[in-house]
Amino acid sequence: MDKGSLLIRGGTVITATGRSEADVLMRNGLIEAVGPDIGDGFGAVDRIIDATGHWVMPGGIDTHTHLAHPIGRLGVMTADDFYTGTVAGAFGGVTTIVDFGLQEQGGTLDAAREHRLGVIDPDAVIDFGFHLIVTDVNEEVLAEMGDLIRSGFPSFKVYMTYGDKKIGDDDLILLLEMAGEHGGLIYAHCENDCAVTHLIERHLAEGKTGPAYHATSRPPAVEAEATNRAIMLAELAGAPICIAHVTSSGAAQHVADARARGVTVVAETCPQYLVLDSSVYDLGAGCEVAKFVCSPPMREQSHVAALWEALADGSIQQVSSDHAPFRFEGQKTGGCDNFTQIPNGLPGIETRLPIVFTEGVVSGRLTPERFVELTATAPARIFGLTSKGRIEPGADADVIVVDPEREVDITASVLHSDVDYSPYEGMTLNGFPTWTISRGEVIVDEGALTAKRGRGQLVDRAPIDPVTFL
Ligand code: DUC
Ligand code: ZN
Ligand code: ZN
């Protein structure tokens, strides 16, 4: 079937490896040609976009989103469904997400896969995959993993804390061994559960119950210890591992040290840890602080600086959003008097690219090429999205066209998530796309949504290659 053609003319094409003044021709959902002055030789096109003065980059890939998902120990449902969440993503330049499918206690991973597909497919406006969250490890689950990996579901999320979603070290070793054997990847939320539980109990016993105490109940050592343990277990098992949301210099150093000694470990951080710090947990700010409750929490400035260094020097390989949106009124406010009752997470799918663009590229910390690598090319490589994250002939035509000079003042009302606040209110951000293009179709057209609900497709993902994914 002819799915049409589109020529993006006159922009600066930026990829992870370089930049050039070039046109990009897309046909039938794929990139057909990239080069200067593409014209008559390729025949007529359905539409031409004049990208003069714009940067043409691979669409963002966000491999850490929680849409319509019961989060953490409390199991509160996130506020975005797969329509509002992916619409927000499209406006923020995201053309693919990798979300999560949760294994029920006593259930199989295959049942989790089937169920989740049924939830996502009718609603998503951009392409999608999902990691399977393993919460209950047994013989049957271990036996399923090989087939799942070979059928396009190569990554498995584990929580080292979070109530009944937590798995212990004994199970983590088994999962790592099985993943390593079959080309899978374990993706780990690393916090020491015993320490978190102990510190929460101590805070409550001392009457430290307000939202600001969330942060002191999960200090950096809690994260660094679990990160090191997960890496060491992966090393023992000879398996690759991806560390979710690194927030602290200690955890980042464990990743860097392990990579230097040849361990197949990669890591992500998230925008909130790059532009916010522990000052958001001001004891005097009352319940407003609940807006910033996420796990791990934001850290002091020395950690923020260490994360930027790790992004620039390559010891952290990607930036995902960990989009876990909760409304302030009615969801976050449920824990104004007891921080353990605040659902953990921040909205961020729409602001991820603009934050990294503004604070990374515009501020001179990252090259434009590194921006593309961190937000699209590396996530595709790490999580097996072989058709995405590149602008080259044969790749999926997932492209954003950005006017690097255009600024947007952030308020909740200019964003598209189904939440009543943004953690970034008051910031001015560059890097929002003028056009977002998914498989050759313009889905955001100069501020207007042109995508149909449910047009997004499941992405076939390849097994992990532990050599190239580094
Ligand atoms: N941390 C959060 O704050 N929210 C989503 C899940 C997580 O690990
Ligand atoms: Zn997590
Ligand atoms: Zn998460």
Side-chain angles (χ1 to χ4, degrees), residues 62-80 85 89 97-102 116 129-135 155-167 172 185-193 196 200 211 214-215 217-220 222-224 226-227 230 241-248 251 266-274 276 278 280-281 289-299 316 318-328 331-332 334-335 339-349 352 379 383 417 419 421 423:
D62 193 342
T63 59
H64 193 158
T65 64
H66 300 270
L67 303 178
H69 185 194
I71 289 280
R73 190 178 38 78
L74 298 172
V76 179
M77 191 65 95
T78 52
D80 276 320
I97 57 168
V98 186
D99 199 273
F100 297 95
L102 179 68
R116 198 59 169 163
F130 51 98
H131 319 279
L132 290 160
I133 304 177
V134 190
T135 62
S155 49
F156 303 88
K157 176 79 179 284
V158 297
Y159 289 106
M160 296 172 77
T161 187
Y162 274 155
D164 67 353
K165 299 189 177 71
K166 177 200 98 166
I167 63 155
L172 181 51
L185 178 64
I186 300 300
Y187 181 25
H189 173 124
C190 301
E191 289 182 294
N192 181 309
D193 187 60
V196 170
I200 287 176
H214 169 77
S217 74
R218 307 176 101 97
V222 162
E223 178 194 356
T227 302
I241 190 165
C242 179
I243 307 298
H245 45 46
V246 170
T247 74
S248 62
V266 291
E268 70 175 13
T269 189
C270 312
Q272 52 271 38
Y273 306 118
L274 294 167
L276 302 175
S278 53
V280 297
Y281 304 116
V289 168
K291 293 179 176 174
F292 301 96
V293 165
C294 58
S295 293
M298 270 64 86
R299 307 297 192 191
I316 291 181
Q318 64 162 336
V319 180
S320 312
S321 68
D322 198 5
H323 179 73
F326 296 102
R327 280 183 284 280
F328 178 62
Q331 288 193 300
K332 292 280 193 181
F339 69 86
T340 67
Q341 300 306 305
I342 303 170
N344 286 201
L346 303 187
I349 191 170
R352 177 183 67 122
F383 288 104
S417 251
V419 287
Y421 79 101

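As the structure lists them, so they are numbered: ligands from 1, and atoms in each ligand from 1. Fair warning: this is a prediction, and the values are worked out from it, not measured in the lab.
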**Prompt:** So, H323 and D80: side-chain donor and acceptor under 3.5 Å apart, yes or no?
**Reply:** yes
**Request:** Spell out, as yes or no, whether a donor-acceptor pair under 3.5 Å connects the side chain of N344 to the backbone of I342.
**Result:** yes
**Message:** I need the contact type for D322 against ligand 1. Using non-hydrogen atoms and a strict under-4.0 Å cut-off, is it side chain, backbone, both or neither?
**Reply:** side chain
**Prompt:** NE2 (H64) to the Zn ion (ligand 3) to NE2 (H66): angle, nearest 10 degrees?
**Reply:** 100°
**Fill in**
So the atoms of ligand 1 within less than 4.0 Å of a heavy atom of A324 turn out to be 4 (N), 5 (C)
**Request:** Determine yes or no for a side-chain-to-main-chain donor-acceptor pair under 3.5 angstrom, with T161 supplying the side chain and N192 the backbone.
**Result:** no
**Request:** Would you mind listing which atoms of ligand 1 come within a distance below 4.0 Å of any non-hydrogen atom of H245?
**Result:** 8 (O)
**Asked** Is the side chain of E223 donor-acceptor paired with the backbone N or O of T247 at a distance under 3.5 Å, no angle test?
**Response** yes
**Asked** H245 pairs by side-chain hydrogen bond (donor to acceptor under 3.5 Å, both in side chains) with which of H189, E191, E268?
**Response** H189
**Prompt:** What atoms of ligand 1 come closer than 4.0 angstrom to any heavy atom of I71?
**Reply:** 5 (C)
**Prompt:** Taking the six-membered ring for Trp, are H131 and F100 parallel (under 30°), tilted (30 to 60°) or perpendicular (over 60°)?
**Reply:** tilted
**Item:** ligand 1 to H189 polar contact by distance, N or O atoms, under 3.5 Å
**Value:** yes
**Message:** Would K157 and Y187 count as a cation-pi pair here, with the cationic atom under 6.0 angstrom from the ring centre and within 45° of the axis?
**Reply:** yes
**Prompt:** So does H189 have any N/O/S atom less than 2.8 Å away from the Zn ion (ligand 2)?
**Reply:** yes
**Nearest-neighbour protein heavy atom for atom 3 (O) of ligand 1, which is reported as residue plus atom name and distance** = S295 N, 2.7 Å
**Request:** Below 4.0 angstrom from a heavy atom of C294, which ligand 1 atoms are there? Numbered from 1 as shown, please.
**Result:** 3 (O)
**Item:** the Zn ion (ligand 3) to D322: nearest N/O/S atom name
**Value:** OD1
**Prompt:** To which protein heavy atom is atom 6 (C) of ligand 1 closest, and what is the distance rounded to 0.1 Å?
**Reply:** H66 NE2, 3.7 Å
**Message:** Any non-hydrogen side-chain atom of H69 less than 4.5 Å from a side-chain atom of F130?
**Reply:** no
**Asked** Looking only at N/O atoms, are N344 and ligand 1 under 3.5 Å apart anywhere?
**Response** yes
